[in-house]
Amino acid sequence: MAKRIDVSGLSAYYGSHLAIEDISMTVEPRSVTAFIGPSGCGKSTFLRTLNRMHEVTPGGRVEGKVLLDDENLYGANVDPVTVRRTVGMVFQRPNPFPTMSIFDNVAAGLKLNGSYKKSQLPEIVEKSLRGANLWNEVKDRLNKPGSGLSGGQQQRLCIARAIAVEPDVLLMDEPCSALDPISTLAIEDLIGELKERFTIVIVTHNMQQAARVSDRTAFFNLAAVGKPGKLVEIDDTERIFSNPSVQATEDYISGRFG
Ligand SMILES: Nc1ncnc2c1ncn2[C@@H]1O[C@H](COP(=O)(O)OP(=O)(O)OP(=O)(O)O)[C@@H](O)[C@H]1O
Ligand SMILES: [Mg+2]
């Protein structure tokens with residue numbers, strides 16, 4: 001079930017390096033929020049703090065709170081593995097397990113998590129592939145390796161894998177940057193469908209994409225090289241692209257930027 005994300009006072013470090021500082025924002029359930037901003041401003045880092053992946057990096061450390069509905073993901077009794085299941089992630093490069101079949105790729109997360117009956121697997125796999133708009137293209141070759149698909153198909157396979165476990169939130173870090181324009185549009189359409197069921201956050205360098213797919217847009221920036229990334233503003237996407245509150249946002253979206 002889609003849940004609200006409520007971040008307060010979040011900072012993230014790599015060892016002694018403060019990468020992002022004091023970020024607070026709310027993301028409503030069943031909405032798409034786009035993260036934009038120049039390279040190195042901490043979009044990916046922040047995204048990874050939302051499912052406790054940041055701390056997997058050696059030296060990775062987080063301060064602050066991330067509430068999913070009412071539960072703090074950084075609470076003392078919270079298991080990070082459970083968090084990563086409820087907050088799914090899709091990466092920039094499609095990363096299906098290369099030796100696994102298409103079927104097993106989708107089933108992989110379910111198998112890890114153990115909360116399924118084996119007899120239910122085909123049904124869940126089909127539903128997830130349909131949900132990712134991939135079923136018709138792969139239904140006759142479910143036992144072939146996932147690595148035999150095109151880039152755009154592989155990315156939809158990764159989305160099918162992510163949604164198979166019914167997460168509350170779906171995080172996507174530049175999911176279309178390795179794809180051709182047709183596959184990109186297919187993923188964008190899919191995002192529009194998935195937001196009926198999930199809370200979605202997407203990082204993108206493509207302004208048109210942010211404008212097309214998102215309800216809200218967050219602009220991140222660095223005051224100077226070596227300084228931590230900060231959230232400059234978050235607002236309705238329409239407003240960010242027509243009349244943002246901060247000059248730096250306007251400069252960035254109109255391409256007048258460093
Ligand atoms: N594994 C890491 N170890 C040390 N520092 C890192 C690591 N990953 C990122 N950083 C640093 O954290 C800062 C934010 O990086 P991040 O990758 O989050 O930026 P980004 O906004 O996603 O950039 P891009 O648009 O290029 O993907 C940068 O200064 C970067 O060098
Ligand atoms: Mg990044």
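One-based numbering, in listed order, for ligands and for the atoms of each.
Protein heavy atom nearest atom 26 (O) of ligand 1, with residue, atom name and distance: S39 OG, 2.5 Å. Among protein heavy atoms, the minimum distance from atom 12 (O) of ligand 1 is reached at Y14 CE1, 3.3 Å. Residue, atom and distance of the protein heavy atom nearest to atom 16 (P) of ligand 1 are T45 OG1, 3.5 Å. Ranking protein heavy atoms by distance to atom 23 (O) of ligand 1, first place goes to G40 N, 2.8 Å.
Contact analysis leaves G229 out of contact with ligand 1, as no non-hydrogen atom separation drops below 4.0 angstrom.
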So R156 and L149, side chain to side chain contact (heavy atoms under 4.5 Å, CB included) or not? Walk me through it. CA-CA 10 Å; R156 280 177 284 144; L149 299 173; over 6 Å; no

Show your reasoning for whether side chain to side chain contact (heavy atoms under 4.5 Å, CB included) applies to L18 and S11. CA-CA 7 Å; L18 176 60; S11 299; 3.9 Å; yes

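Under a 4.0 Å criterion applied to the non-hydrogen atoms of H17, ligand 1 contributes the atoms 29 (O). Heavy-atom proximity to E174, at under 4.0 Å, picks out these atoms of ligand 1: 27 (O). Counting atoms of ligand 1 from 1 in the listed order, those under 4.0 Å from a heavy atom of S44 are 17 (O), 18 (O), 20 (P), 22 (O), 27 (O). Residue G42 has at least one heavy-atom neighbour below 4.0 Å for each of these atoms of ligand 1: 14 (C), 16 (P), 18 (O), 19 (O), 20 (P), 21 (O). Of all atoms in ligand 1, listed by their number and element, those nearer than 4.0 Å to a heavy atom of H205 are 24 (P), 25 (O).
Not one N/O/S atom of T45, from backbone or side chain, sits under 2.8 Å from the Mg ion (ligand 2).
Between the side chains of D6 and T26, at least one donor N or O lies within less than 3.5 Å of an accepting N or O. Under the 3.5 Å distance criterion, with hydrogens and angles disregarded, a donor-acceptor pair is assigned to the side chains of T217 and T237. In summary, the side chains of S8 and S24 do not present any donor paired with an acceptor at a separation below 3.5 Å, with no hydrogens or angles considered.
Side-chain N or O atoms of Q154 include one that pairs as donor or acceptor with a backbone N or O of S147 at under 3.5 Å. In this structure, the side chain of T249 does not engage the main chain of P244 through any donor-acceptor pair within 3.5 Å. Of the possible donor and acceptor atoms, none in the side chain of Y14 sits under 3.5 Å from a partner among the backbone N and O of T57.
Counting heavy atoms under 4.0 Å from ligand 1, residue A19 touches it through the side chain alone. Under 4.0 Å from ligand 1, the heavy atoms of T57 that appear belong solely to its side chain.
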